[in-house]
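Chain identifiers are assigned alphabetically (A, B, ...) following the order of the sequence lines, protein sequences preceding nucleic acid strands; residue numbering begins at 1 within each chain.
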Amino acid sequence: MEFSAQQLAEVLNGKIEGNPDAMVSRLSKIEEGGEGSLSFLANPAYEKHIYSTTASIVIVSDDFKPTGDISATLLRVPDAYGAFAQLLEMYNQLRGNKTGKEEPSYVAESAQLPEEYYLAAFASIGEHSSIGEGTKIYGHVYIGDNVQVGKNCIFYAGVKIYHDCVIGDNVTVHAGTVIGSDGFGFAPNSENSYDKVPQIGNVIIEDHVEIGANTSIDRATLGSTIIRKGVKLDNLIQIAHNVEIGENTVIAAQTGVAGSTKIGKNCMIGGQVGIVGHLQIGDGVKIAAQSGIGKNLKDNAVVQGSPAFEYVDYNKSYAMFRRLPDMAKDIHQIKKNLES
Amino acid sequence: MEFSAQQLAEVLNGKIEGNPDAMVSRLSKIEEGGEGSLSFLANPAYEKHIYSTTASIVIVSDDFKPTGDISATLLRVPDAYGAFAQLLEMYNQLRGNKTGKEEPSYVAESAQLPEEYYLAAFASIGEHSSIGEGTKIYGHVYIGDNVQVGKNCIFYAGVKIYHDCVIGDNVTVHAGTVIGSDGFGFAPNSENSYDKVPQIGNVIIEDHVEIGANTSIDRATLGSTIIRKGVKLDNLIQIAHNVEIGENTVIAAQTGVAGSTKIGKNCMIGGQVGIVGHLQIGDGVKIAAQSGIGKNLKDNAVVQGSPAFEYVDYNKSYAMFRRLPDMAKDIHQIKKNLES
Amino acid sequence: MEFSAQQLAEVLNGKIEGNPDAMVSRLSKIEEGGEGSLSFLANPAYEKHIYSTTASIVIVSDDFKPTGDISATLLRVPDAYGAFAQLLEMYNQLRGNKTGKEEPSYVAESAQLPEEYYLAAFASIGEHSSIGEGTKIYGHVYIGDNVQVGKNCIFYAGVKIYHDCVIGDNVTVHAGTVIGSDGFGFAPNSENSYDKVPQIGNVIIEDHVEIGANTSIDRATLGSTIIRKGVKLDNLIQIAHNVEIGENTVIAAQTGVAGSTKIGKNCMIGGQVGIVGHLQIGDGVKIAAQSGIGKNLKDNAVVQGSPAFEYVDYNKSYAMFRRLPDMAKDIHQIKKNLES
C-alpha cells in the first residue's frame, strides 16, 4: 500500500507544501523517518527533528512556523496528532479486515460459526464449540471441544484453547498463548511418586481482555480460573489453576501467579513477579518488578522485594544493603575501640 | 452432556432427596455451585456451604444430618468423596476418549502408527518416527523425523518434538511445549562474533512424566538431555542442553536449569528458580521460589536466596535486612556516643 | 542411518583396529558410549574412559598409545577431534537437507517463493511475503502478510511471524517463537479501564541471528524493534516493543527487556534478568543472572543484584548479608556494654 501526498491531503482535508507526488508506504517516528515514510509533528519538543528528518512526508498543524529548511513534504491540517491517529486507525482497519474461510481449515460438524468471521488456513474448531460475530481466527489456532467464544475477538496465530473454556466479547489473544491447560496438581503416593489430580474445571475470560504471546493460563481443578473484564496480560505469563484476576488489572511480562490466588481490581503488577498460591491480593495494589509475594496484600499496598514488603521500606533497606561492607567495618572498629 | 439426579442415582447406587429430574451439566465446588452444577460434601468443615449453595445436586454421605434448609437435591451414597471421584473419572474418560485419524493430518510414509491412536487434524509425524499403542496426538502437534513415542501418551495441541527424541510410556505434554530444540551453544570467534556449536544429541523423556504448557527442553550437544521417570514439570520452564533430572522430581513454573546440570531424585523446586550450569544437585533437595543456585547442593539441602544458601539462615538474614535502617541508626548513635 | 567401521574408515582415511563390521548409528561422549555409538578421544584427560567405554567405535589420533585393554573398535586418524567434527558436519547436513514443498501447505497467491527451499506440511505464508533462496520452513510455521525473509534461514516448527516483519539472511529461529506480536501498550481512560495503543511498527531481525524456542519479540508501537547482526537469544525471552539489541550481544534464557530500551554490542546477559524500559545499556556490558536493571549502564559495566549495582560490590554486600544476624548480635552486645 503506497500513498501520495496528494491522496493523503484529500483524505485528511490538508494542504500540501512541497511535492504532491511524494510517496509513502509506512509510518515512522519523526526522529527515525526514512525514505518512503510518513511522520507527524505535534509536540513542540520534537520540532528540532523536522529539520533533519528523512521522512518523505510530515503532517504538521496549521499554526506550525518553520525556523529552518525542511526537506520533507509538509501536509498542513488543523490537528496534526488527530490526523495521524486517523490514518493509523485506517491503516489498522486495512490490516485487520480479513474475512472468510481459508482452506484447508477444520470445523467440527457440531461447531457453530457466525455470519461474519475470519478463519485462516490450518485453524481448527472442535465439537460443540461456538464462535461469535466478527471474530477473527488466524492460522494454526486450535479451539478444542465445547469452547464458547464471543463477538469481535481476535486470536492470533497458534493460540491454543482447551475444551470447555469460555471467552467473552472483544478479547484479543496473541500468538502461541495456551488457555485451559491442566493445573499443576499431583498428590504424593506411597511409592514416592505422584498421582495426577484430575483437572476438570475450565478458564473463563471476560470481555475486553487482551493477552500477550506465549502466555499460559491453566484450567481450574474444579470450578473456573477467571480473568475479569478489562484485564491486560503481557507475554510469557503463568496463571495457575483457580486463580482469579480482578477487573482492569495489568500484569507485565514473565510474571507468575500460583494456584488459587485471588488478585483484586485495578492492580499494576510488574514483570517477573512471583505470587505464591492461596493468597488474597487487594484492589489497587502495585507490585515492583521481580518481587516475590508470600503474604496477603491489603488494598492499595505498594510493595517490592523477595519476599516483598512496603516499597519505601524495601528501598531504605536496600540502600543500607549497598553500604553493608562499611557498616561491618564500623562495627569492627567500635569493637576494637571498646576492647582497648 | 446433561444428567438427571435419577441417572446419577442409578450410576452411583444412591438415594435421592428432592427432585429426581434436577439436571446438571458440570461439576463445581460446593461454595461456588450455580444452576446446573453438581457438587459434593465430604469435609464437615464445608457443611455450612450446603445451606447456601446454588448447586442443583449435592452428593452427601449416608450419615449426613442436615441442621437447616437445603435447596439443592441431595444424593445420598455411602462415601460422598469416593462417589464424586468416580464421576470425575467417568467425566474425564468421556472427555479423553478420542480415537481415529482426523483429516487433513500428515504422516510420513516411513512413520509407524499403532492399531489404536488419536491423530487430530493438522497433526504431523515425520519420517521413521513411531507411535505407541493408545497414544493421543492433538491438533497442530509436530513430531519430527526418527522420533520414538511410547504407549498411552497424550500430546496436547501444538506440542513440537524435534528429530531423534525418545519419549517413554504414559507421558503427557501440554500445549505449546517444545522438546529437542538446539542447546544454546556458541563459541566466540576471532571476528568478535560467534560460531554455532552443532547440537546433535537428543532428549529422552522416561515413563510417567508430565510436562506443562509452553515449556522448552533443549536437545543435548552430544548425548542426551534426560528427564527421568515420574518427573513433573510445570509451565514455561527452561531445561537446557545435557541437563538430567532425577526420578519424581517436581519443578514449578518459570524455573530455568542451565546446561549440563544434574538434578537428583525427589527434589521439590519452586517457581522462577534459576540454576546455573554444570552443577550437581543432590536427592531430596528443596529450593524456595525465585532462588538462584550457583553451587552444588548435597542431598536433602533446603535453600533460598539469590545466590541461595541454607533456608533458615536466609530467612534470619532477610529478617535483619528489613531492620537494616534501624541497625544503621544504632551504629550511628554508638559512634556519636563514643566520640563524645 | 547406520555405518560400519569400514565405511567410516573410507570417509576419514583412517585405519581400523578391531572389527571392521562394527556398526554405529549415533554419536556419543566417550564416558557415556553405549552399543551402536561412535565416540572419539582427543583430550588426554579423558583417556581413562577409553578402557571402560561401551561405545562400539572410538576415533583416536595416530599417536595414541593404549596402556590397557579396549573393547571398542578403534579408528586411527591424524587428528581425532578434526575427524569427529567432520563427521558431525556431515551428520548435520544429512539431517538438514530437506527440500521441496510438502502438502498440505498454504502459500498466498501474491507470496514469492525462491527456486530452492523447504516448506513443510501445514506451513503457511501470507500475502505479499517473500522467501529467500535456500530457506527452510518447518511444519506449522506461520508467516503473516508482507513479511520479507532472507536467504538460508531456518524456521523450526511452529514459529509465528506477524505481518510486516523483516528477517535477514542466515537467521535461525526455534520452535514456538513469536515475532511481531503487539507491544504491551495501553492508555488509562476515564472509566478506570484501558484503551489500546495501536501497535503499527514491525520487527527487524538482521543477518546471522539465532533465536531459541518459545521466545517473544513484540513489534514496535511505531518504527521497529531491532535485533542486530549476530545476536543470539536463548529460549523463553521477552523482548518488548521498540527495543534494540546491538551486534553480537548474547542473552540467556527467560530474560526480559522492557519497552524502548537500547542494548549495546557484545554484551553478555545472564538468564532471568529483567531490564526496565527506556534505558541505554552500553557496549560490552555483563549482567549476572537474575539481576534487575533499573538504570542506564556504561560500556563494559559488570553488574549484579535487583536492583543491580557493580558486581564486586554486590558480592561484598551479599557476603555481609549472610552475616547480618551476627552483626545484629554484635550491635546488641555493644549497646549493652555501653549502657552498663
Side-chain angles (χ1 to χ4, degrees), chain B residues 104 106 122 124 126 140 142 144-145 158 160 162-164 176-178 180-182 184 186 192-194 196 198 200-202 214-216 218 222-224 236-238 240 254 256 258 272 274 276 290 292 294 305-307 309 313-314 316-321 323-324 327 330-331 334 337-338, chain C residues 26-29 32 39 85 88-89 91-92 95 98 102-104 120-122 138-140 156-158 172 174-176 208 210 212-214 229-230 232-236 247-248 250 252-254 265-266 270-272 288-290 305-306 318 321-325 327-328 331-332 334-335 338:
Chain B
Y106 180 89
F122 308 128
S124 143
H140 308 90
Y142 170 89
D145 295 346
K160 312 294 180 212
Y162 281 56
H163 55 275
D164 296 338
T177 282
V178 173
S181 40
D182 279 358
F184 194 60
F186 300 94
N192 222 0
S193 66
Y194 293 88
K196 183 173 173 74
I200 62 158
N202 72 347
N214 282 341
T215 277
S216 298
D218 282 350
L222 209 58
S224 300
L236 292 161
I237 286 174
Q238 150 73 354
Q254 296 178 316
Q272 298 182 337
V276 309
Q290 294 192 323
S306 174
F309 53 98
D313 292 338
Y314 177 82
K316 281 184 190 160
S317 279
Y318 199 76
M320 294 300 146
F321 170 79
R323 280 195 248 152
L324 267 179
M327 281 173 65
D330 280 355
I331 293 171
I334 291 168
N337 289 353
L338 287 178
Chain C
R26 60 199 168 79
L27 308 170
S28 73
K29 295 185 187 178
E32 294 178 347
S39 194
L88 208 149
E89 186 63 30
Y91 176 91
N92 258 344
R95 267 285 156 246
K98 287 178 174 283
E102 295 172 0
E103 293 299 345
F122 308 127
Y138 281 76
H140 308 91
Y156 285 102
T172 297
H174 282 278
H208 296 286
E210 181 152 345
N214 282 342
K229 197 177 156 184
K232 311 297 178 195
L233 302 180
D234 202 348
N235 301 338
L236 292 162
E247 286 184 19
N248 298 317
V250 174
Q254 296 177 316
K265 292 187 281 192
N266 301 110
Q272 298 181 338
Q290 294 191 325
S306 175
Y318 199 77
F321 170 79
R322 297 185 60 156
R323 280 195 248 152
L324 268 179
M327 280 173 65
I331 293 171
H332 183 73
I334 291 167
K335 281 168 77 177
L338 288 178

Proximity breakdown for B:N202 and chain C, heavy-atom pairs closer than 4.5 Å
neither
Is it the side chain or the backbone of B:I237 that comes within 4.5 Å of chain C heavy atoms, both, or neither?
backbone
So, does B:D218 use its side chain to make a donor-acceptor pair with the main chain of B:A240 at under 3.5 Å?
no
Pair count under 4.5 Å, heavy atoms only, with chain C: among B:G144, B:S216, B:G256, B:S181, highest is B:S216
For chain B, which of C:G139, C:S28, C:A175, C:G212 has the most heavy-atom pairs under 4.5 Å?
C:A175
Report yes or no: do B:Y162 and C:H174 form a side-chain donor-acceptor pair below 3.5 Å?
yes
Below 4.5 Å from any heavy atom of chain B, which atoms of C:P325 appear? Answer side chain, backbone, both or neither.
both
Among C:A157, C:G158, C:A213, which residue forms the greatest number of heavy-atom pairs with chain B at distances under 4.5 Å?
C:A157
Any idea which of C:M327, C:E102, C:E247, C:Q272 has the most non-hydrogen atom pairs under 4.5 angstrom with chain B?
C:Q272
Sorted by chain and number, sequence neighbours left out, salt bridge (charged side-chain N to carboxylate O under 4.0 Å, His left out) with C:K335 holds for B:D330
Honestly, the part of B:F186 sitting under 4.5 Å from a heavy atom of chain C is side chain
Relative to chain B, which segment of C:N266 carries a heavy atom at a distance below 4.5 Å: side chain, backbone, both, or neither?
side chain
Given heavy-atom pairs under 4.5 angstrom as the criterion, report whether the side chain, backbone, both or neither of B:I331 touches chain C.
side chain
B:K316 versus chain C, the contacting section by heavy-atom distance below 4.5 Å
both
Could you tell me which of B:N337, B:T177, B:I200 has the largest number of non-hydrogen atom pairs under 4.5 Å with chain C?
B:I200
May I ask you to test the B:F309-C:Y318 pair for a side-chain heavy-atom distance under 4.5 Å?
yes
Cut-off 4.5 Å, heavy atoms of chain B, and the answer for C:K229 is neither
Is there a side chain to side chain contact (heavy atoms under 4.5 Å, CB included) between C:T172 and C:Y156? Walk through the geometry before answering.
CA-CA 8 Å; C:T172 297; C:Y156 285 102; 3.9 Å; yes
Greatest number of heavy atom pairs closer than 4.5 Å to chain B - which of C:K232, C:E32, C:K29:
C:K232
Chain C interface, residue from B:G294, B:P307, B:A258, B:A319 that has the most non-hydrogen pairs under 4.5 Å
B:P307
Under 4.5 Å, counting heavy-atom pairs only, tell me which of B:G223, B:G305, B:G201, B:S193 racks up the most with chain C.
B:S193
C:Q290 and B:S306: side chain donor to acceptor below 3.5 Å:
yes
Can you confirm whether the side chains of C:N248 and B:N192 place a donor and an acceptor under 3.5 Å from each other?
no
Look at the side chain of C:H140 and the backbone N and O of B:F122, then say whether any donor-acceptor pair between them is shorter than 3.5 Å.
yes
Side chain to side chain donor-acceptor pair (under 3.5 Å), that's the test. Do B:Q238 and C:Q254 meet it? Break it down for me.
CA-CA 8 Å; B:Q238 150 73 354; C:Q254 296 177 316; over 6 Å; no
Backbone N/O of C:N214 and side chain of C:N235: donor-acceptor pair under 3.5 Å
no
